[in-house]
Amino acid sequence: MDTWQALGRTAQARPRRPEDDEHLEWILVHPNALRPCNNRRPAPEMPRANTDGKALKSSFMHRWSKLFVPTLREAPADAEVASHKFLLRAGYVRQLGAGIYNYLFLGQRSFNKIIAIVREEMDKIGQEFYLPGILPREPWEESGRWGVMGDNMFRLKDRKGADLCLGMTHEEIMTSIARNELRSYKQLPQIWYQIQTKFRDEPRPKSGLLRVRQFTMKDSYSFDLNAAGLDKSFDLHDQVYRRIFTRCGLKFVAVEADSGSMGGSQSQEFMVYTDAGEDLIASCPVCNYAANLEKATSRLEPVTEIDPTGDGSPELVHTPGCAAIADVAAFFKISPASDIKCVAYMALKRGAKETWHGVAAFLRGDHQVNETKLMGALGAAELRPMVAEELEQYLHGPAGYLGPVGLNHDAQPMGDGLTVIIDKSLEGRKNMVCGANKLDYHIRNVCAGRDFTWTLAADIRSVNEGEACPQTDAHGASCSGKLVVGKAVEVGHIFKLGYKYSEAMGARVLDENGKEVTPIMGSYGIGIERILTAAIEQKNDANGFCLAASIAPFTVVVTVTNVGDQALRETGEQLAAELEAAGLDVLLDDRDERAGVKFKDADLVGIPYRINVGKKAASGLVELVSRATGQSVDVAVAEAAAQVKQRVDEERLLADSQ
RNA sequence: CGGGGAGUGGCUCAGCCUGGUAGAGCACCUGGUUCGGGACCAGGGGGUCGGAGGUUCAAAUCCUCUCUCCCCGACCA
């Protein structure tokens, strides 16, 4: 109210002009325009009960004719994925640079609604903080991540030359607060969260808002006394995340995920299936198994070993020109499953200093290396293929003819010599074919363990679609399902971090025995714009997209088909006022445009309900159109508001019941 | 970072090969006719052709360098 009075006075200070009212109205409609940082708080509901005077009441209405909603008939050529095209066409966003976007009115409204849902749910389990986006170097040095983050971290210097970075995640900062403030087990558990801008200098921003360099994240961090406590915090987040995504109208799956460089034991991603996604998910249609391909396993059918030749001992065979698996298989008339494939890498180990180590990975000819798993098994930070000289140095052989027989390997991974790592599916295998580390030669009758050994055996392969589900039931019986692989986008991720940060940064509390202990941590993220993007990817058609009422910028648009007709205009105004009174976000399309233009625009921008005020209004009827189904029903003007309210309430009820 | 593509009014694009000083549709402004799925007529405004340098009497067009954006890959707590 202070704002309104102050503005009122300013406006009165000079002779009133007709446009003053309009301008005043504009500001009143947008109380946030005067807030310095409306990103931090959702648009507060205006205190409707406290409003006085007709002017204010009527000014509440959002009239399309007064708004800036720059819809585009055609999508800019730069946009490829559906969500990107539609966000641009619907006037939600405009691009400023690669992976950098302006949010316009509709985009920001939708955004604020998503944030409001996230906040409402997160407040049930945690406490909201707000940490800075610009961060000093020191905490990152303490955790060891100043170096690890590499070029993905935006770095800058202040005027004194001190190093700063733009926050890409906040484990360090939250942990520093915990270290400084938490003293006793009695203060645990704690769940602290924030909704804040993150910066990541992505090597390749892409797909509109799917991979960007500045985005908004809800990130939370839990501090518990012990593993059981962490399990609880993790489960709380799991439950709350499910509610958040459900309320936002997303169809999602929770999948097992790789922990990556975050460290930690368990991690779960919340994924939305869409071809625009960058992740591959393996899931079982029979049981509930679902995992990121970086993590997924499968049950392999036993391989029928081929018969040995000669006395069964390894035999050198001249195989000219057979460098590829397919050539070798054809030459020996065997299945690729009986061939041993070698993929040779140089692996980076990060410690006090960075060192590169030779690694030879062996697996079945018909399998593919999963580099995420491989790095995990090795404890490597990066991988790159060996070059020819390195192949010669470590394996003494040329590409295409590499094999495990006769290799000198280290006993421990990532030593000075060669690390030989085999996929578990090779253990116990017999009579296989492999390269001889000699141009144009292979060896047959090769048995794992007898003819070659290894530094370590691990699961380092990617599962293939159609392989058997790895799950077993309570009685130990195998699941009968076959895995299917689909593309998805990650909208949330929850991690059990363990002690990595609390230990590194020296956070300690006293337990009930007065003994110093390190709290155990979890970290949990939700990408706010990815919710919007995923929702659009999930529900769009030729005309535009459809958002759930919970996250749409407006719940209902009242389309006055012909504003030249005063009766229609008045009916529209009145109906919109009723919808407002019912607590719905209403947009009144009072533009002097042809009906077709307004219908197209309404469909484009994703508002879930539309009420057409047209010819039938004379007989007291309007049309209620659902964007999702396209279905239209005639309802009495007097009933329309209640009908929309009922549908929206049902949608919310449905979400709540899940 | 490797590979590919593109920069010409706000948007989509033509013109470039074969140099001669910029065009269409949509959008925008004015007037009129229209008015239920992106109307029509008439008139009008708006572009140093991403930037720099060069060749030439003359460059959107040819050459060199550079910047930006998009796609594939690498990468991606």
Side-chain angles (χ1 to χ4, degrees), chain A residues 70-81 84-85 88-89 91 94-101 140 143-145 148-153 167-172 174 198-208 210-213 215 217 219 221 257-264 267 269 276-279 292 294 348 371-372 375 381-385 489-490 492-497 500-501 521-525 527 542-544 559-565 568 589 591-604 610 612-617 622-623 625 630 632:
Chain A
T71 56
L72 264 26
R73 194 177 288 220
E74 289 175 285
D78 283 350
E80 287 232 336
V81 301
H84 190 197
K85 284 183 188 166
L88 290 167
R89 284 192 55 202
R94 286 294 183 262
Q95 183 167 12
L96 185 59
I100 306 175
Y101 285 83
W140 295 88
S143 71
R145 290 209 292 182
V148 172
M149 288 308 193
D151 288 339
N152 260 33
M153 184 184 256
M168 50 196 300
T169 176
H170 282 72
E171 280 79 12
E172 282 80 357
M174 284 290 187
K198 299 282 191 258
F199 300 90
R200 294 182 189 181
D201 195 359
E202 293 287 346
R204 186 152 92 83
K206 58 185 278 199
S207 308
L210 227 43
R211 180 160 292 280
V212 288
R213 294 195 290 175
F215 59 99
M217 186 187 223
D219 48 324
Y221 306 86
D258 181 68
S259 310
S261 69
M262 290 294 290
S267 111
E269 289 169 332
E278 301 183 286
D279 286 277
N292 194 305
E294 294 178 345
L348 178 68
E371 296 191 354
T372 304
M375 284 196 287
E382 271 180 44
L383 293 177
R384 64 164 175 82
V489 59
E490 174 189 354
H493 201 161
I494 58 181
F495 289 94
K496 289 182 183 173
L497 283 179
K500 178 172 171 180
Y501 298 92
M521 290 176 61
S523 137
Y524 318 86
N543 290 325
T559 304
V560 179
T561 57
N562 183 358
V563 292
D565 184 330
L568 294 188
D589 194 348
R591 291 176 298 168
D592 184 12
E593 292 284 356
R594 296 164 65 87
V597 171
K598 299 197 209 184
F599 294 157
K600 289 283 187 193
D601 270 344
D603 285 350
L604 177 60
R610 183 176 83 223
N612 294 337
V613 179
K615 289 169 187 159
K616 298 172 199 159
V622 292
E623 292 158 0
V625 186
S632 167

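Order of the sequence lines fixes the chain letters, A, B, ..., with proteins taken first and strands second; residue numbering starts at 1 for each chain.
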Margin query: Base of B:G38, side chain of A:Asp601 - is there a donor-acceptor contact under 3.5 Å?
Written below: yes
Next item on the list: Could you check which of B:C11, B:A27, B:C13 has an atom nearest any side-chain atom of A:Ala77?
Entry: B:C13
Check: If we take the C1' atom in both B:G2 and B:U48, what is their distance in whole Å?
Finding: 36 Å
Check: So what's B:A14 paired with, Watson-Crick or G-U wobble, going by both distances under 3.5 Å?
Finding: none
Check: Between A:Lys206 and A:Glu278, is the closest basic N to carboxylate O distance under 4.0 Å?
Finding: yes
Check: Roughly how far apart are A:Leu604 CG and A:Arg73 CZ, rounded to 0.5 Å?
Finding: 11.5 Å
Note to self: If we count only N and O atoms by modelled type, under 3.5 Å, do the side chains of A:Thr372 and A:Asp258 hold a donor and an acceptor together?
What the structure shows: no
Item checked: From A:Glu623 atom CD to A:Thr559 atom OG1, the distance as rounded to the nearest 0.5 Å -> 10.0 Å
Check nucleotides 72-76 of chain B for protein N or O atoms closer than 3.5 Å to its own N or O atoms and list the pairs.
{"unit_1": "B:C72", "atom_1": "OP2", "unit_2": "A:Arg204", "atom_2": "NH1", "d": "3.1"}
{"unit_1": "B:C72", "atom_1": "OP2", "unit_2": "A:Arg204", "atom_2": "NH2", "d": "2.6"}
{"unit_1": "B:C76", "atom_1": "O2'", "unit_2": "A:Arg211", "atom_2": "NH1", "d": "3.4"}
{"unit_1": "B:C76", "atom_1": "O2", "unit_2": "A:Arg211", "atom_2": "NE", "d": "3.4"}
{"unit_1": "B:C76", "atom_1": "O2", "unit_2": "A:Arg211", "atom_2": "NH1", "d": "3.2"}
{"unit_1": "B:C76", "atom_1": "O2", "unit_2": "A:Arg211", "atom_2": "NH2", "d": "2.5"}

Next item on the list: For B:A27, give its Watson-Crick or G-U wobble partner with both distances under 3.5 Å, or none.
Entry: none
Item checked: A:Glu74, nearest nucleotide to its side chain (from B:C11, B:G38, B:C35) -> B:C11
Check: Think A:Arg73 has a side-chain N or O under 4.0 angstrom from the OP1 or OP2 of B:U12?
Finding: no
Checklist line | Side chain of A:Lys615 (C-beta onward), nearest among B:G36, B:C70, B:G38 | finding: B:G36
Next item on the list: Name the nucleic acid region contacted by A:Asp565, choosing base, sugar-phosphate or nothing; use a 4.0 angstrom heavy-atom cut-off, strictly under.
Entry: nothing
Checklist line | Partner nucleotide of B:C35 by Watson-Crick or wobble geometry (both distances under 3.5 Å) | finding: none
Check: Across all strands, who's sitting opposite B:G53 as a Watson-Crick or G-U wobble pair, both distances under 3.5 Å?
Finding: B:C63
Item checked: B:G46 pairs with, by Watson-Crick or G-U criteria that keep both distances under 3.5 Å -> none
Item checked: Strand partner of B:G2, provided both Watson-Crick or wobble distances fall under 3.5 Å -> B:C72
Check: Across the strands shown, which category fits A:Arg610 at heavy-atom distances under 4.0 angstrom: base, sugar-phosphate, nothing?
Finding: base
Margin query: Using the P atom as the point on both nucleotides, what is the distance between B:A24 and B:G45, in whole Å?
Written below: 13 Å
Next item on the list: Return the nearest nucleotide to the side chain of A:Ala98; candidates are B:G38, B:G36, B:C70.
Entry: B:C70
Notebook entry, point to check: Under 3.5 Å, is there a donor-acceptor pair between the A:His84 and A:Ser207 side chains?
Noted result: no
Check: Is any side-chain N of the basic residue among A:Arg610 and A:Asp603 closer than 4.0 Å to the acidic one's carboxylate O?
Finding: yes
Notebook entry, point to check: Per the atom types in the model, does the base of B:G36 pair as donor or acceptor with the side chain of A:Glu623 at under 3.5 Å?
Noted result: yes
Notebook entry, point to check: Checking only heavy atoms, does the side chain of A:Arg594 share a donor-acceptor pair with the base of B:U34 at less than 3.5 Å?
Noted result: yes
Margin query: I need the A:Asp279 CG to A:Asn292 CG distance, nearest 0.5 Å.
Written below: 5.0 Å
Check: What distance, rounded to whole Å, do you find between the two P atoms, one in B:C28 and one in B:A14?
Finding: 24 Å
